[in-house]
There are 2 protein chains.
Amino acid sequence: MRPPAPPPSAPGSAHAQPTAPRSAHGSGTAQRSAPRGADGPGTAQRSAPRRVVQRAVPTSADVARLAGVSRATVSYVLNNTSSVRISEPTRRRVHEAARELGYVPHAAARSLRAGHTRMVLLPAPEVAVGPLYSGLFHELHWALSRLDYTVVQFGSAGQSGDQAARAWAELRPAAVLMFSTFSARLGPLGVDVLKRSGVRAVITLAQEPTEGAHAVLMDQRTVGRCAGEHLLARGRRRIGVVVPEEPGLEAYSLPRLEGVRRAAQGTGAEITELPLAYDEASAARLAGRWRRLDLDGVFAYNDEYAMLLMRALQDEGIGVPDDTAVMGADDLMLGRLLRPRLSTVRIELPSGRELAEIVDRAVRDPGAPPEVHKVLDVTAVPRESA
Amino acid sequence: MRPPAPPPSAPGSAHAQPTAPRSAHGSGTAQRSAPRGADGPGTAQRSAPRRVVQRAVPTSADVARLAGVSRATVSYVLNNTSSVRISEPTRRRVHEAARELGYVPHAAARSLRAGHTRMVLLPAPEVAVGPLYSGLFHELHWALSRLDYTVVQFGSAGQSGDQAARAWAELRPAAVLMFSTFSARLGPLGVDVLKRSGVRAVITLAQEPTEGAHAVLMDQRTVGRCAGEHLLARGRRRIGVVVPEEPGLEAYSLPRLEGVRRAAQGTGAEITELPLAYDEASAARLAGRWRRLDLDGVFAYNDEYAMLLMRALQDEGIGVPDDTAVMGADDLMLGRLLRPRLSTVRIELPSGRELAEIVDRAVRDPGAPPEVHKVLDVTAVPRESA
DNA sequence: TTGAAAGCGTTACCAG
DNA sequence: CTGGTAACGCTTTCAA
């Protein structure tokens, strides 16, 4: 997160603020007022070519000066502090001055002073997540805003989960929501780093709970189980399960596979794992050896892979559902457009509001022991393909 | 040393404020000051533990004390400052102490002192964007990380673009990338707010340039033009253009429509706007009145709407492409699976690396006049449906 | 080679 | 009701 070293190059070019040593300890308001530029007093602060007059960023002190009041008053007015009454004319002068200067408070300074933030960190998804999750993110975002949190999606491009945790901890967020199903897995160490840095709530959305964190369990195995049970109920006994070859999806695909296995337990059905990349060639290859595989049913990970596979099977002359029943998951619109219509598993994610409330509760009571919420409602949607 | 402030009244009663004083983004203005029990350097940590020992968050001073050095030394060691040489044993002691305490630097404090950040703000998309944009975001993110920027996706749930700009300005990012094609439009005012708050680079990805900002123009009209030209070349003259009813898509759909119109100019072809919601009922309704519309070609906004419409047309007994040619856009995999295979417009977005370099250049030279980059390469992909 | 101290912009606490 | 002042955690110059 640190720049390795500011390009030393031109002397003074990168100087943050070569302010003259403050005359007295605490004459607080008296400096750096005028547009720095022109001929600096004494210290030659030859800023690089100032093609455009880069005005200094206005601070609350500037506002105070312009309004002819103290910085405290500015703060009171701009924050609507209720414990202090400020006369109406003063208020107006302050607002006026702020507007004129284009003053925007400095979040870092504020949170430094406050000792905490209202930031909630969400991990920016690294693999293309479906519309389901996009929708959830969006809802969650909205719900958290309503609760006066600032939502920040924070990426961890290529770092490990625990490295990422460190980077996030630097921001001192109030809460961190971690999707352990994504590639950057957060382990107990990461949770610990976050907690020690003052994060009030760490919440994982995952398959299984992480030590020390609240957990919202989205057990993908139930998706597999549901699909498996559906196929079994239709009398299928030699069942294939598509496992995408694309990296980053294992967190979903493996539990789904496991779920099918569980459903098959004790039924005498046979489960076959079928690696498949998301392209036509791969699907054609799989379809090519389909007859040898001798399967009468397949759960294709999700609707997209199901569509891909179904098309390849049909092109190969394999009847769906007669020869092989095909089952998807996620209940995408597009599955309904195929012929035969794609049978699928509908997944009910928790609502953004629910999630936001879990976050809020956890933030308000950081001492509380980790809660575990089970979510993910799952229903088979029988259509024509299975 | 001043005595520790007594814990604020009833711990549980400090509700997050029911009504925020102001937007107060970034760090909020919660009353709950909750100064952590112990106080600064020097005194023994005797904070009264509540339910769980909420250790005070370690600061660099704590590290210094434990390592038996000054804070300056800690800073030097931890930041690998090259202008100062620290003895190896000291280095080790410092690192050791930092590790033991779980010290993580405070980003806000650091950037406050530094006077600038390495943060790049991206808007979190508000409408479900396709895999194209997800991919671009992901690439961009990665490329910016390589350039040592911290990427933050920042939402603006429901605010106007210029309001959002204010919220973003509070974070004092080095650069803001704005997708003016999304619902929160950033106008010249917003750009000004950002610039005055010290943001070094404002870059819009948009249809048209915004005053004062660098622009990466992704002209959606070319998509429409390409589709239109293709249909015209196939001899179609009465062309429909699907315009999604879903809000938030206008920024794409309207320019695409406009592009088709332009392609048709002077050819005598007739363009008909076709509102369509993304559900089967809406598609069926549109297909129901298709014969009356008397169209021999349609550009369906993108592949998803195209698939939806194509299915509805087929169900209505309308031949594709014989009666009506159908054209999509985005070249999704799924379009290839349909029969007839969907003709489409492939869109080549700029690479994340390119974009990252534009950002970096702009940050390094904030005074430079706004650049305008034209991107978006577009090619028709003829398949069977048109 | 290390340490002391000045501030970055804000807000909370007390004197006026 | 208003204004001075200290302090949040960090970096960096200057002095020892």
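Numbers restart at 1 for each chain; the letters A, B, ... are given by sequence-line order, proteins then strands.
The interatomic distance linking Asn80(B) (CG) with dT12(D) (P) rounds to 13 Å, in whole Å. For the pair Arg65(B) CZ and dG3(C) P, the interatomic distance rounds to 14 Å; values are reported in whole Å. dG9(C) atom P lies 16 Å from atom CG of Leu78(A), rounded to whole Å. Counting to the nearest Å, the C1' atom of dC1(D) and the CD atom of Glu88(A) are 14 Å from each other. Arg71(A) has its CZ atom 11 Å from the P atom of dT5(D), to the nearest Å. With rounding to whole Å, Asn79(B) atom CG is found 17 Å from dG9(D) atom P. Separating the CZ atom of Arg93(A) from the P atom of dC1(D) is a distance of 15 Å, rounded to the nearest angstrom. The nearest whole Å value for the distance from the NE2 atom in His116(B) to the P atom in dT11(D) is 12 Å.
OP1 and OP2 of dG9(D) both lie 4.0 Å or more from every side-chain N or O belonging to Thr59(B). Phosphate proximity of dC10(D) to Ser60(B): present, with a side-chain N or O under 4.0 Å from OP1 or OP2. OP1 or OP2 of dT2(C) lies within a sub-4.0 Å distance of a side-chain N or O belonging to Ser87(B).
As judged by a 4.0 angstrom heavy-atom cut-off over every strand, Val69(A) is placed among residues touching the sugar-phosphate backbone only. Thr90(A) comes within 4.0 angstrom of the backbone, heavy atoms only, and of no base.
Among dT10(C), dT2(C), dT1(C), the nucleotide with an atom closest to any side-chain atom of Arg85(B) is dT1(C). When the nucleotides dT11(C), dG9(C), dT11(D) are ranked by their closest atom to the side chain of Leu112(B), dG9(C) comes out on top. Listed nucleotides dG3(D), dT12(D), dG9(C) differ in distance to Thr73(A); the shortest reach to its side chain belongs to dG3(D). Among the nucleotides dA6(C), dT2(D), dT2(C), the one closest to the side chain of Ile86(B) is dT2(C). The side chain of Arg113(B) lies closest to dG7(C), out of dG7(C), dG3(D), dA6(D).
Between the base of dC13(C) and the side chain of Tyr76(A) there is a donor-acceptor pair shorter than 3.5 Å.
A salt bridge links Arg364(A) to Asp360(A): one of the charged nitrogens lies within less than 4.0 Å of a carboxylate oxygen. A salt bridge links Arg65(A) to Asp62(A): at least one charged side-chain nitrogen sits closer than 4.0 Å to a carboxylate oxygen.
Comparing Ala72(A) and Thr81(B) by the nucleotide of DNA chain D that holds the closest heavy atom to each, the one mapping nearer the 5' end is Ala72(A).
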(request) For Arg166(A) and Asp162(A), run salt bridge (Lys or Arg N to Asp or Glu O under 4.0 Å): C-alpha distance rounded to whole Å, both residues' side-chain angles, the deciding distance at 0.1 Å, then the answer. (result) CA-CA 7 Å; Arg166(A) 238 192 77 96; Asp162(A) 292 330; over 6 Å; no
(request) Before giving the answer on side chain to side chain contact (heavy atoms under 4.5 Å, CB included), spell out for Val176(A) and Phe154(A) the whole-Å C-alpha distance, their side-chain angles and the decisive distance to 0.1 Å. (result) CA-CA 10 Å; Val176(A) 173; Phe154(A) 197 75; over 6 Å; no
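Counting non-hydrogen atoms of neighbouring residues, nucleotides and ligands closer than 6.0 angstrom, the CD atom of Glu357(A) exceeds 12 such neighbours.
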